2 protein chains.
Amino acid sequence: MDIQQKLNQQGLRLTQPRQVIMEVLESTGMPLLPQTIQQRAHESGSKISLVTVYRTLELLIELKLVRRIHGQDGCHGYILSSPGHHHHIICQKCGRALEFNGADGIVKLLDQIERDTKFKIESHLLQLQGVCPDCQKEKDHEK
Amino acid sequence: MDIQQKLNQQGLRLTQPRQVIMEVLESTGMPLLPQTIQQRAHESGSKISLVTVYRTLELLIELKLVRRIHGQDGCHGYILSSPGHHHHIICQKCGRALEFNGADGIVKLLDQIERDTKFKIESHLLQLQGVCPDCQKEKDHEK
DNA sequence: TCCTTATTGAAAATCTTTTTCAATAAGGAT
DNA sequence: ATCCTTATTGAAAAAGATTTTCAATAAGGA
């Protein structure tokens, strides 16, 4: 089911701005701030109000097409997300993000924590920072 | 080394407002918003400017005495943190937070992810939500 | 092509966080 | 105990981020 259908299903419409915002997010593999999304849209020839960016992101999050990414400082970006449960690892150098699921490792970890803490775990937020393979190579060249 | 010493070490001072803010955080085991911290301080008889709350939190984070907690909505709270590396699990019912480290489970998980993604992992953000033992009991009573 | 109604954009409102600067208070020196 | 230096505070203002309002526009079914 594509986005068009997802929207129509709920009486919503696939509009120009919504398409453009999706394209901006698709063309970048990294978390973007609402401001940045607006800029990129402008650069590619579509003037979109910042208000619309906010509204669209909210919508896309509901549709599970986009996720919020948290920085240590609290400021957060938005990134396209494929369906299903997974997490993001973000490169400190180039900013690109990669999805991973690490499914069984996480399940084991959560089981262990449930035993240790006696909490019933309902949801988790896991986000990694590191250096991607490409940027590791560059680092080597510099030396 | 207590907070007094930590501060003096850097030419900083342990002031009334800083003490009060620490007390507020100590007396609650859950993440609080800056606003809420100010309110609690008022309630216990100390009028502190919101500006001071922000500044103090920033300082306490540098001193590793406090951590930021991220909500799904991006709005974040601040919570007291004991030294060392660990994470927080937050109860959805009562809001209380518990620290855990789950050290080896996490190390294994990160190793696995490094192998899978070829990223070099530098840091991670892990935060859990669930129901604490006490609130699980209450749930049973209701039934 | 028309019509209904979801959507957009501009401006204003709201909320959060940071900066500025004069007044205050911590804590070492006397 | 008192003085002095300077870190810290609070009030107001600035800056930034996000949301609301409302009239104008445009999607998509009839």
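Here is how names work: the chains are called A, B, and so on, in the same order as the sequence lines, proteins then strands, and each is numbered from 1. Side chains are part of it too, since the values below use all heavy atoms of this structure and drop only hydrogens, waters and symmetry mates. Since the structure is predicted, the reported quantities are computational estimates derived from the model, not experimental observations.
Distance CG (B:L57) to P (C:dT17): 10 Å, rounded to an integer number of Å. Between the CD atom of B:Q10 and the P atom of C:dG27 there is a distance of 14 Å, rounded to whole Å. Remark: P of C:dG27 and CG of B:N8 are 6 Å apart, rounded to the nearest angstrom. If you measure from atom CD1 of B:I3 to atom P of C:dA26, you get 15 Å, rounded to the nearest angstrom. Separating the CD1 atom of B:I37 from the P atom of C:dT17 is a distance of 11 Å, rounded to the nearest angstrom.
Between B:L57 and B:P34, some side-chain heavy-atom pair lies under the 4.5 Å cut-off. Under the 4.5 Å side-chain criterion, counting only non-hydrogen atoms from C-beta, A:I3 is in contact with A:L65. The side-chain heavy atoms of B:L32 and B:I79, taken from C-beta on, include no pair separated by under 4.5 Å.
B:H88 and B:Q127 form no side-chain donor-acceptor contact under 3.5 Å, judged by distance and modelled atom types alone. Looking at B:R68 and B:Y78, their side chains do bring a donor and an acceptor atom within 3.5 Å of each other.
In this structure, A:R96 contributes its side chain and A:C132 its backbone to no donor-acceptor pair below 3.5 Å.
Among the protein residues, A:E58 comes within range of no part of the nucleic acid, since none of its heavy atoms lies under 4.0 Å from any strand.
For the OP1/OP2 pair of D:dT18 and a distance below 4.0 Å, the side-chain nitrogens and oxygens of A:Q35 include no atom meeting the criterion.
Screening residues 42-54 of chain A for side chain to side chain donor-acceptor pair (under 3.5 Å) gives no qualifying pairs among residues at least two apart or on separate chains.
Bending across the helix from C:dT1-D:dA30 to C:dT30-D:dA1, expressed as the angle between its end axes from five pairs apiece, amounts to 40° (10° rounding).
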Point to revise | B/S/- contact track for nucleotides 6-13 of chain C, protein heavy atom under 4.0 Å | key: BSBB-B--
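Here A:H87 and B:H124 keep their ring centres 6.0 angstrom or further from each other.
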